[in-house]
Number of protein chains: 2
Amino acid sequence: MKALVVDDDRVLADLIAFTLRHEGFQVQLAYNGESALRLWQDDAPDVIVLDLNLPKLDGFAVCRHIRAEADTPIIMLTVRGEDDDIVRGLEMGADDYVTKPFSPRQLVARIQAVLRRAGKAQVTAVAQVGDLFLDSGRREVRVGQSVVVTLTRLEAKLLHYFMVNVGHVLTNEAIIAYVWGPEGGDRDMVRQLVRRLRRKIEPDAANPLYIETVSGVGYSLVDRQPMQ
Amino acid sequence: MKALVVDDDRVLADLIAFTLRHEGFQVQLAYNGESALRLWQDDAPDVIVLDLNLPKLDGFAVCRHIRAEADTPIIMLTVRGEDDDIVRGLEMGADDYVTKPFSPRQLVARIQAVLRRAGKAQVTAVAQVGDLFLDSGRREVRVGQSVVVTLTRLEAKLLHYFMVNVGHVLTNEAIIAYVWGPEGGDRDMVRQLVRRLRRKIEPDAANPLYIETVSGVGYSLVDRQPMQ
DNA sequence: TGGAGCTGTGACAAAGCTGTGACAAATGGG
DNA sequence: CCCATTTGTCACAGCTTTGTCACAGCTCCA
């Protein structure tokens, strides 16, 4: 498990590194934003502990840059009381904020919580909504008592996103961001993917029961109870 | 998007509920652990804001119980300085800790960060004025106890603008700027759109109850109380 | 009183959205 | 490397939404 620690206060950075190594992490240290971005690129850490106040390229810029390209969990460090900074950073994509001074124990616990969360979001999830049963690991779905159907990578990803947000409308933009990530995509790609997914799970894709179209907005998964 | 707020401090609980409702959440309140567990079971909230110090069944017990059975994101509230509690709660499965006192903005940003990591889409706006209920995400409106009506993109946009400014006259120019933006538009377009919206929400569009005309100026939404 | 302006309405053309088909390009596995 | 599968791209059809124009009725003012 690799951590990148970024803080221009070398004493604090070393202390954090020591704490994390004690917890079993491999730690890389950066004392400014440029080094941080380089190490992030070269090393692909599992979590980043990122101080807000860095010389030149500050913590916000680093967070923005990383978040534009990856999902790496980011925990930001800030001085007590800077509410605006906390809100701004969280909205920008940070996962947590720890206010200096803090105890090493709390930092570790927060890192573990963030990793737990991030791991949960990625790992094989078995989801059930109404009579849809999805095994994300195997990329298999069963509708009620029908046979198991194998989905492609993107189909499974989309269905999972629908199921996590059952009952809510997912805009085309949100679907694109979730399924295709930073490279993005367009409406035509969404349309094709929805069509392919409907073909696999709907009893009649021309009259869908599960995946509803919301014209001009996107799509929504309906919670259909088990068919009798 | 549903939130469950648990705090024996009723004033604070109500304040949090108000804040979250303003962000578009549907909020359920519990003032003790037993009610919290019941509501969690019955209501399946998307996120739980859980105070540590509750009478009888405390926040830890509630967290432990929920975490044993579900992945629902849990944000715990604690009094400043209780490092042991924070670490203990995070290790037990809480997703985040917010220390009292805190700003509503920060709480919301932390909730959004946790939901984001869980793959949950952004909350969409719901609005209520009198007996008009608008779900902007689905582009659906319900008038009192009548059936849900689907609006077009522009109709929903206009109705939302009316509802946010209920009781105020919106000039044609303001409506044009809001609905059509930089490309602009003309009075005829406003007229048509108002007509179409009236057709969908007014019991009798020829004698409108909700959308009043202010000749030479624009239109205004009237706050009509629920019909008996 | 007549003309101008405003508002509501009807009707139709233009624009937009969605689903579908087909094929090329990209990807992954043996 | 080859082949099968998946994904992306483009074209088209059908339906819905929006814009535009014409007209009628009402109000106000010179």
Side-chain angles (χ1 to χ4, degrees), chain A residues 136 138-141 149-161 169-173 175-221, chain B residues 136 138-141 149-161 169-173 175-221:
Chain A
S136 289
R138 317 180 74 98
R139 298 196 342 225
E140 291 176 345
V141 62
V149 174
T150 302
L151 302 175
T152 67
R153 186 177 72 88
L154 292 189
E155 289 161 3
K157 200 167 183 184
L158 178 61
L159 182 57
H160 184 257
Y161 191 46
V169 180
L170 300 178
T171 64
N172 287 309
E173 291 73 44
I175 291 171
I176 289 166
Y178 185 81
V179 173
W180 287 281
E183 316 106 70
D186 62 31
R187 293 234 186 117
D188 210 35
M189 292 159 70
V190 177
R191 208 150 57 217
Q192 277 292 329
L193 186 56
V194 167
R195 173 163 72 146
R196 289 178 171 135
L197 184 56
R198 275 177 171 150
R199 275 241 202 83
K200 291 194 179 178
I201 70 170
E202 300 278 357
D204 174 14
N207 299 283
L209 286 180
Y210 300 103
I211 305 179
E212 281 187 345
T213 305
V214 182
S215 191
V217 180
Y219 300 91
S220 171
L221 183 70
Chain B
S136 291
R138 316 195 73 94
R139 305 225 308 247
E140 290 177 345
V141 61
V149 174
T150 301
L151 303 176
T152 66
R153 186 176 76 88
L154 293 188
E155 289 161 3
K157 199 167 184 184
L158 178 60
L159 182 57
H160 186 255
Y161 190 46
V169 179
L170 302 179
T171 65
N172 288 308
E173 291 73 43
I175 291 172
I176 289 165
Y178 183 79
V179 173
W180 286 280
E183 316 106 69
D186 62 32
R187 295 239 184 113
D188 209 36
M189 292 161 69
V190 177
R191 210 152 52 219
Q192 277 292 328
L193 186 55
V194 168
R195 173 165 70 143
R196 288 176 171 140
L197 183 56
R198 276 176 171 151
R199 273 241 203 85
K200 290 195 178 177
I201 70 170
E202 300 279 357
D204 174 15
N207 299 282
L209 286 179
Y210 299 102
I211 304 179
E212 283 189 344
T213 307
V214 183
S215 192
V217 180
Y219 300 92
S220 171
L221 183 71

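On a predicted model such as this, the values are computed, not experimentally measured, just so you know. Letters A, B, ... mirror the listed sequences (proteins, then strands); counts begin at 1. Below, all heavy atoms of this structure are taken into account, side chains as well, without hydrogens, waters or symmetry copies.
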Worksheet entry | Dot-bracket notation for DNA chain D, counting Watson-Crick and G-U pairs under 3.5 Å, with | for partners on another strand | ||||||||||||||||||||||||||||||
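- Applying the 3.5 Å distance criterion, the base of C/dG8 shares no donor-acceptor pair with the side chain of B/Gln192.
- At whole-Å resolution of the value, CE in A/Met189 and P in D/dC10 are 12 Å apart.
- Side-chain proximity of B/Ser215 to D/dC10, D/dG19, C/dC6: nearest is C/dC6.
- Residue B/Arg195 places at least one side-chain N or O closer than 4.0 Å to OP1 or OP2 of C/dG10.
- Look at CG on A/Asn172: it is 10 Å from C1' on C/dT18, rounded to the nearest Å.
- Between A/Arg199 and C/dG21, a side-chain N or O to OP1/OP2 separation shorter than 4.0 Å is present.
- The distance between atom CG of A/Leu151 and atom P of D/dT5, rounded to the nearest whole Å, is 16 Å.
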Item to complete: For the pair B/Arg138 and A/Glu212, evaluate salt bridge (Lys or Arg N to Asp or Glu O under 4.0 Å) and give the outcome as yes or no after the intermediate values.
Response: CA-CA 10 Å; B/Arg138 316 195 73 94; A/Glu212 281 187 345; 3.2 Å; yes
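- Residue contacts shown for B/Leu154 are limited to sugar-phosphate atoms, with no base heavy atom under 4.0 Å away.
- Atom-to-atom distance recorded for A/Arg139:CZ and A/Leu151:CG is 8.0 Å, nearest 0.5 angstrom.
- Contact of B/Arg196 with D/dG19 (side chain to base): a donor-acceptor pair of N or O atoms is detected under 3.5 Å.
- Side-chain N or O atoms of A/Arg198 include one that pairs as donor or acceptor with a backbone N or O of A/Ile211 at under 3.5 Å.
- Separating the CG atom of A/Asn207 from the P atom of C/dG19 is a distance of 12 Å, rounded to the nearest angstrom.
- A straight line from CD of B/Glu212 to P of C/dT7 spans 14 Å, rounded to a whole angstrom.
- Here the C1' atom of nucleotide D/dT5 and the CZ atom of A/Arg139 are 11 Å apart, to the nearest Å.
- Taking side-chain N and O atoms only, B/Trp180 has a distance below 4.0 Å to OP1 or OP2 of D/dG19.
- Considering CG of B/Leu197 and CG of B/Leu221, their distance stands at 9.0 Å, rounded to 0.5 Å.
- When heavy atoms are screened at a 4.0 angstrom cut-off, B/Val190 is found touching no nucleic acid atom at all.
- Put simply, CZ on B/Arg191 and CG on B/Asp188 are 4.5 Å apart, with the number rounded to the nearest 0.5 Å.
- For the pair B/Met189 and B/Gly184, the tightest heavy-atom approach, listed with the atom from each and the gap, is CE-O, 4.4 Å.
- The OH atom of B/Tyr219 sits 6.0 Å away from atom CG of B/Asn172, with the distance rounded to the nearest 0.5 Å.
- Between B/Thr152 and D/dT16 there is no side-chain polar atom (N or O) within less than 4.0 angstrom of OP1 or OP2.
- For C/dG19, the OP1/OP2 oxygens have a side-chain nitrogen or oxygen of A/Tyr219 closer than 4.0 Å.
- Considering only side-chain N and O atoms, B/Thr213 lies under 4.0 angstrom from the phosphate OP1 or OP2 of C/dG8.
- Annotation: the span from B/Glu202 atom CD to B/Leu209 atom CG amounts to 5.5 Å, rounded to 0.5 Å.
- As rounded to whole Å, 8 Å separates atom C1' of D/dT9 from atom CG of A/Asp186.
- Using a 4.0 Å heavy-atom criterion, one finds that B/Val179 contacts no nucleic acid atom at all.
- Note: CG (A/Asp188) to P (C/dA22) measures 16 Å, nearest angstrom.
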